[in-house]
A.B. asks: 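Here it is, the structure, as structure tokens.
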Amino acid sequence: MSNAQPSRFSLCFLLAALCAATTVRAVAQEGAAECRTVASKILNRPVRYCALLPPRYSANSARRFPVVYFLHGLGGNEQWLLTGGGWELIEQMRRQNRIGEFVLVTPDAGRTFYINSRDGSERYEDFFLQEFVPAIETRYRAGGARAARGVGGISMGGYGALRFAFRHPQMFAAVAVHSAALLEDLPADTTLLFGRNFRAFGDPLDRAYWRQNTPLALARTASGLARLRIYLDCGLQDDYGFQIGARRLHEILERRGTPHEFHLHPGGHNWEYFSEHLDDSLAFLSRALGLQ
């Protein structure tokens with residue numbers, strides 16, 4: 001069980017390269033956070049992000065740090081951790097030596113589900129892999145190799161994180177998610193689930209496109225998953241029934257003999273649940289990146 005206080009859940013994610021737009025900087029007691037934009041030719045627009053830099057980031061300009069990309073849920077943006085208390089939580093965990101020093105980054109993804117849209121108009125996955133990751137890791141002396149790169153997220157961001165890791169295990173050493181949007185198929189009336197927020201999967205909705213992109217489908221067939229360190233949890237009273245998908249993913253990975261850590265805890269699909277368990281995923285990612 002997590003020791004984090006539900007009310008303290010913020011954090012600013014490292015963002016990336018080809019930075020344009022305005023810069024917002026803040027200095028924590030030990031670390032520093034900044035919010036910028038990355039110019040994207042693929043999306044034809046700047047994409048906002050925030051980056052949380054570790055305490056000794058500025059002490060040695062030659063030192064490289066591991067990087068964790070942490071992805072927001074539906075309705076969130078690049079500042080979802082910074083404005084919720086996550087920054088304070090991370091600084092506290094560092095002071096307690098529960099995590100090591102890594103750069104933490106979160107990009108704004110709107111309602112894309114972190115995929116290339118069915119109609120090809122929003123190629124977010126291509127942007128993330130081909131532009132965002134290289135830009136961030138150049139600007140912040142971070143990552144640069146699989147062993148120094150992790151990904152995590154909540155809800156829609158958990159869906160995106162699992163999908164990135166399962167599709168590209170050669171890029172990521174670890175993935176850790178909370179209450180990932182895991183459904184084998186969508187209900188007949190999708191307005192009951194996140195309203196009308198599935199345009200990434202076609203308009204009208206292409207259910208086959210949903211099924212082929214879900215991390216559950218990838219977990220059954222993807223190669224290289226045994227190389228990943230995998231963590232997932234979900235609330236037993238999840239408002240959207242994602243605990244069923246989480247348990248199914250656990251069963252699929254077990255059948256394939258893929259090592260992973262899986263937990264179901266009391267709680268719903270809300271900030272109280274996410275903040276209570278955020279420290280568990282951060283500690284897992286820190287260990288997976290060889291920092292403890």
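Every heavy atom of this structure was used, including side-chain atoms; hydrogens, water molecules and symmetry mates were not.
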A.B. asks: Taking all non-hydrogen atoms of both residues, which atom of Ser40 and which atom of Val47 are closest, and how far apart?
C.D. replies: CB-CG2, 4.4 Å

A.B. asks: Side chains of Tyr273 and Asp233: do they bring a donor and an acceptor to under 3.5 Å?
C.D. replies: yes

A.B. asks: Would His168 and Phe172 count as a ring pair (Phe, Tyr, Trp, His ring centres under 6.0 Å) if you check the C-alpha gap in whole Å, the side-chain angles of each, and the deciding distance to 0.1 Å?
C.D. replies: CA-CA 7 Å; His168 308 281; Phe172 300 97; 7.5 Å; no

A.B. asks: Check the pair Phe274 / His269 against side-chain contact (heavy atoms from CB on, under 4.5 Å), numbers first and verdict last.
C.D. replies: CA-CA 8 Å; Phe274 302 145; His269 197 90; 3.9 Å; yes

A.B. asks: Identify the two heavy atoms, one from Leu129 and one from Phe164, that lie closest to each other, and give their separation to 0.1 Å.
C.D. replies: CD2-CD2, 4.4 Å

A.B. asks: May I ask you to test the Val151-Leu71 pair for a side-chain heavy-atom distance under 4.5 Å?
C.D. replies: yes

A.B. asks: Begin from the C-alpha positions of Arg141 and Glu101 and carry the test salt bridge (charged side-chain N to carboxylate O under 4.0 Å, His left out) through to its verdict.
C.D. replies: CA-CA 13 Å; Arg141 309 191 317 271; Glu101 290 198 70; over 6 Å; no

A.B. asks: Are the side chains of Val133 and Arg149 in contact, using a 4.5 Å heavy-atom criterion?
C.D. replies: yes

A.B. asks: In terms of heavy-atom contacts, does CZ of Arg248 have more than 12 from other residues, nucleotides or ligands at under 6.0 Å?
C.D. replies: no

A.B. asks: Please round to the nearest 0.5 Å and tell me the distance separating atom NE2 of His263 and atom SG of Cys234.
C.D. replies: 13.0 Å

A.B. asks: Rounded to the nearest 0.5 Å, how far apart are CG of Leu216 and CD of Glu184?
C.D. replies: 5.0 Å

A.B. asks: Go through Glu125 and Gln130 one step at a time and tell me if the side-chain contact (heavy atoms from CB on, under 4.5 Å) criterion holds.
C.D. replies: CA-CA 8 Å; Glu125 180 178 7; Gln130 298 173 28; over 6 Å; no

A.B. asks: Ignoring hydrogens, what is the shortest heavy-atom contact between Ser179 and Phe242? Give both atom names and the distance.
C.D. replies: O-CD1, 3.7 Å

A.B. asks: Examine Arg94 relative to Phe102 and say whether NZ or CZ is less than 6.0 Å from the centre of the six-membered ring and inside a 45° cone about the ring axis.
C.D. replies: yes

A.B. asks: Give me the atom names and distance for the closest heavy-atom approach of Leu104 to Phe70.
C.D. replies: CD1-CB, 4.0 Å

A.B. asks: In Å, rounded to the nearest 0.5 Å, how long is the span from NE2 of His265 to NE2 of His277?
C.D. replies: 4.5 Å

A.B. asks: Would you say Phe113 and Arg199 make side-chain contact, with heavy atoms under 4.5 Å?
C.D. replies: no

A.B. asks: With heavy-atom distances below 4.5 Å as the criterion, would you say the side chains of Leu291 and Ser286 are in contact?
C.D. replies: yes

A.B. asks: Under 4.5 Å between any side-chain heavy atoms of Leu228 and Phe166, yes or no?
C.D. replies: yes

A.B. asks: Hydrophobic clusters here meaning ILVMFWY residues chained together by side-chain heavy-atom distances under 4.5 Å, can you tell me if Ile244 and Ile252 are in one?
C.D. replies: no

A.B. asks: Give, for atom CG of Asn213 and atom CD1 of Ile115, the distance between the pair rounded to the nearest 0.5 Å.
C.D. replies: 5.0 Å

A.B. asks: Do you know which of Arg36, Arg48, Arg45 makes salt bridge (Lys or Arg N to Asp or Glu O under 4.0 Å) with Asp108?
C.D. replies: Arg48

A.B. asks: Okay, side chain of Arg123, backbone of Ile42: is any donor-acceptor separation there less than 3.5 Å?
C.D. replies: no

A.B. asks: About how many Å separate CG of Asn116 and CD of Glu122, when rounded to the nearest 0.5 Å?
C.D. replies: 9.0 Å

A.B. asks: So do the side chains of Leu183 and Trp210 get within less than 4.5 Å of each other, counting heavy atoms only?
C.D. replies: yes

A.B. asks: Between Asp280 and Tyr231, is there a side-chain heavy-atom distance shorter than 4.5 Å?
C.D. replies: yes

A.B. asks: When rounded to the nearest 0.5 angstrom, what is the spacing between CG in Leu232 and NE2 in His250?
C.D. replies: 8.5 Å

A.B. asks: Taking Lys41's backbone N and O only, do any of them form a donor-acceptor pair with Glu131's side chain (distance below 3.5 Å, no angle check)?
C.D. replies: yes

A.B. asks: Please walk me through it: do Phe198 and Tyr209 pass side-chain contact (heavy atoms from CB on, under 4.5 Å)?
C.D. replies: CA-CA 11 Å; Phe198 291 89; Tyr209 197 64; over 6 Å; no

A.B. asks: Would you say Ser281's side chain and Leu278's backbone share a donor-acceptor pair under 3.5 angstrom?
C.D. replies: yes

A.B. asks: Without swapping roles, check the side chain of Arg146 against the backbone of Pro169 for a donor-acceptor pair under 3.5 Å.
C.D. replies: yes

A.B. asks: Please determine whether side-chain contact (heavy atoms from CB on, under 4.5 Å) holds for the pair Phe262 and Leu253, giving the CA-CA distance in whole Å, both sets of side-chain angles, and the decisive distance to 0.1 Å.
C.D. replies: CA-CA 10 Å; Phe262 169 63; Leu253 295 174; over 6 Å; no

A.B. asks: Got a donor-acceptor contact below 3.5 angstrom from the Glu78 side chain to the Pro107 backbone?
C.D. replies: no

A.B. asks: Considering all heavy atoms of both residues, which atom of Ala173 and which atom of Leu289 are nearest to each other, and what is their separation?
C.D. replies: CB-CD2, 4.3 Å

A.B. asks: Heavy atoms, side chains only, cut-off 4.5 Å: are Ser155 and Leu74 in contact?
C.D. replies: no

A.B. asks: Considering all heavy atoms of both residues, which atom of Ala180 and which atom of Val177 are nearest to each other, and what is their separation?
C.D. replies: CB-CG2, 4.0 Å

A.B. asks: Less than 6.0 angstrom separating the ring centers of Tyr69 and Phe128, yes or no?
C.D. replies: yes

A.B. asks: Counting the benzene-type ring for Trp, do Tyr124 and Tyr114 have ring centres under 6.0 Å apart?
C.D. replies: yes

